[in-house]
Amino acid sequence: MDFFLLTIVKAAIIAFIFLTTLAYLQLLERKVIAHIQRRPGPYRVGPHGFLQPLADVIKLITKEDVVPPHVNRTFYILAPFFAVFFALIPICLIPFGPQVEIFGITTLMQLTDLPVGLVMVLAIGSIGIYGIALGGWASNNKYSLLGSLRSSAQMVSYELALTIAIATPLLLANTLSLQEITQAQSGFYFGFLPRWHIFQMPWPQIFSFIIFVIAAFAETNRLPFDMPEAENELIGGFHTEYSSMKFAGFFMAEYAGIVTICSIGTVLFLGGYNPLFPPELGSNFVPAFLFLGGAAILFFHALQAERWRDKITFPLFGVVFLGIAAIFAVPMLWPYLLPVFWFVMKAGVLIFLFIWVRGTLPRFRYDQLMAFAWKFLFPIALINLIITSGLVAVVS
Amino acid sequence: MDVFLFFLFAAIAVGCAVNLVLQTHPISSAISLIGVMVSLAALYLLLGAEFIAAAQVIVYAGAIMVLFIFVIMLLNTGSEETEPVNALSRFLGLPLLLVMVGLLSVVMLDVAPPSQEVRFGSFTGGGAADVGLLLFTKYLLPFEATSVLILIAILGAVVLAMREVD
Amino acid sequence: MLPFVQGGVPISWYLILSAILFAIGASGFLIRRNIITVFMCIELMLNAVNLSFVTFSYMWRQVDGHIITFFVMVVAAAEAAVGLAIILTIFKNRGTLQIDRINSLKN
């Protein structure tokens, strides 16, 4: 019974953090895009728009839930649930840390570690298409239908390149369990270069990583491949007819997809929870110093704040940062906090890359997108796979 | 727990399968079929076939059924027109179906006596490594043959789809 | 806890489930008139047979059944690709998916 209790506790923690992250990811995206475009972004709710997600959630819940009369009712209502459900599941397979002992219980810092974990993630991801496909079809609107047709074709095409890009680091790791893949990347070359798969001998997986990231943009329907919802061609794409919480469902599924695919990329290529440089060089103190630096910047700005409320909020956040820095400075908590910190940092960099690309690149044309997938990305991934498998066979 | 999970997923599978046959709109049928496939994948997990369970979801639910749904959405022909059913099949159909299930069940009970039981976790030979090892040693030739088959199928599909209609 | 927590499921139940699914698929194959639905019923029958393969594999503690299942999946994928291309062509030529209307060889 201990096992069930432990699983429920872990699931509750992960679900809480994950859902909060999704809400704040949307704020982060709006803020980053805004700063790329030289405007302040959400600014009114809370200090610097910090409570904006809360306001958004309240708005979405209290909005009228319209079901247009011309839709196929069953599938119209079912589609957002499909999308959210299958987008949220894969997070339970992601390893945030190694095996730890806490209050006398030994457990993995991950909900469950399957021997075929990665294949399961791919499997669940491949069902995720149905949410968008059904949503577009059930809306009974030609723009929605076109959006979802494009989306299904695009996701199927890029899934191929994505899967082959994923297969190459597996050849190096020699396992499908996400925990073991991460462990295969621990250690350092020459005492400082991490043995992550993008650096690992005999064939650094840098090409594979680039292909993975490009295909991930397409898989999550993000710019530059956001064909399904290209506003100036398709109004809103597959979610044109959706409002209120059903729209929020699709929205949440998109962000959950981003978080999942960035986590998978982190585990496969960037060494999961392994630190950037060895503890002998002081990697254990990085988080504490980072938050200390953040607090220092906040206090500095508080001294020369122009608005009176900044004089309150900046020191307040500074104190919070100092508190976090103090927590990270306790060596007793390192085994629990450091892996999570490194994992979140790496996944965060990838997520930032997603947003950055959205703020930078224009949209592809649909035929260019398909040609790019089949005539460029897929062959390159295949060549990379052949080279890697050859070298692995020669070396081992 | 084994019995409970078996009945849960068996019930979903049978329910979805019946729904597949009874629904008149192809999209409803396709979604029901996905339900059958996913619950079968869960049953495969109970039988210790981890890799096949994952492959079932990826290949069947994630690729083949996407193709079906894609075609259904593309053609968008709406519900099936019901045809008059002849009286013999209306009255004899269901009993004959039950007779068929009964006959098959008798054979199955003969093949596998009820004393043999499935316990989750007692057979762990279905991981990716075991399947892969057998696939690339004993079944190498059939494996290569299926890859050629896939190639031919792709070519065939492209040729069929490209040809202009006269 | 509940009484059925202990103990396993007889292997024959899995095989009977596979028989039931096969029978449902066969009946759907006979009574449905839309080509795509008929095609899906064939897939259902293939799935039912796959279940019995995996069950037999468990029964004899050998992986061979899994391999056969794998091959069935590959062949089903090839079949779906060609079959759906044929269905698309038929629809382009005849404008219908009802199998009773596609009978020009009869006349």
Side-chain angles (χ1 to χ4, degrees), chain A residues 4 72-76 78-79 82 85-86 89 93 114-140 142 144-157 159-160 162-163 166-167 170-171 174-177 180 238 374, chain B residues 1 19 23-35 37-42 44-45 48-79 121 124-132 136 150 154 158 161:
Chain A
F4 283 101
N72 182 326
R73 232 187 132 81
T74 325
F75 291 121
Y76 178 81
L78 214 59
F82 256 68
F85 187 68
F86 291 114
I89 292 179
L93 293 163
L114 293 180
V116 287
L118 190 68
V119 187
M120 274 299 167
V121 172
L122 287 179
I124 297 162
S126 65
I127 307 185
I129 301 179
Y130 291 117
I132 291 175
L134 280 181
W137 178 82
S139 297
N140 202 1
K142 55 170 95 77
S144 302
L145 183 66
L146 271 177
S148 62
L149 276 179
R150 279 179 172 192
S151 154
S152 339
Q154 168 186 336
M155 283 166 96
V156 169
S157 309
E159 209 165 69
L160 216 62
L162 187 82
T163 312
I166 284 176
L170 293 181
L171 288 174
N174 214 1
T175 171
L176 285 172
S177 141
E180 286 169 27
F238 62 92
W374 289 102
Chain B
M1 206 65 180
N19 196 42
Q23 289 288 341
T24 50
H25 201 291
I27 280 262
S28 314
S29 301
I31 297 297
S32 313
L33 187 52
I34 293 164
M37 284 161 175
V38 173
S39 48
L40 279 186
Y44 292 169
L45 277 181
E50 292 161 353
F51 179 74
I52 292 299
Q56 162 96 357
V57 178
I58 292 179
V59 177
Y60 266 124
I64 297 181
M65 288 319 291
V66 171
L67 213 58
F68 272 97
I69 291 215
F70 199 82
V71 169
I72 295 170
M73 288 194 333
L74 202 66
L75 301 182
N76 214 359
T77 50
S79 290
T124 52
D130 308 281
V131 175
F136 290 110
I150 285 274
I154 294 173
V158 169

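Letters A, B, ... are given to chains in the order of the sequence lines, protein chains preceding strands, and every chain is numbered from 1.
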Sort A138(A) into side chain, backbone, both or neither according to what part of it lies under 4.5 angstrom from a heavy atom of chain B. neither

Bottom line for L149(A): the part with an atom under 4.5 Å from chain B's heavy atoms is both

Can you confirm whether I27(B) sits close enough to L134(A) that some side-chain heavy atom of one is under 4.5 Å from a side-chain heavy atom of the other? yes

Engaged part of V119(A) at the chain B interface, taking heavy atoms whose separation is under 4.5 Å: both

What is the minimum heavy-atom distance between M73(B) and A133(A), and which atoms define it? SD-O, 3.5 Å

Roughly how far apart are Y130(A) OH and I31(B) CD1, rounded to 0.5 Å? 7.0 Å

Report, one line per pair, each donor and acceptor closer than 3.5 Å where one atom sits in a side chain of residues 48-70 of chain B; sequence neighbours left out.
from, atom 1, to, atom 2, distance (Å)
Q56(B), NE2, M37(B), O, 3.3
Q56(B), NE2, N47(C), OD1, 2.8

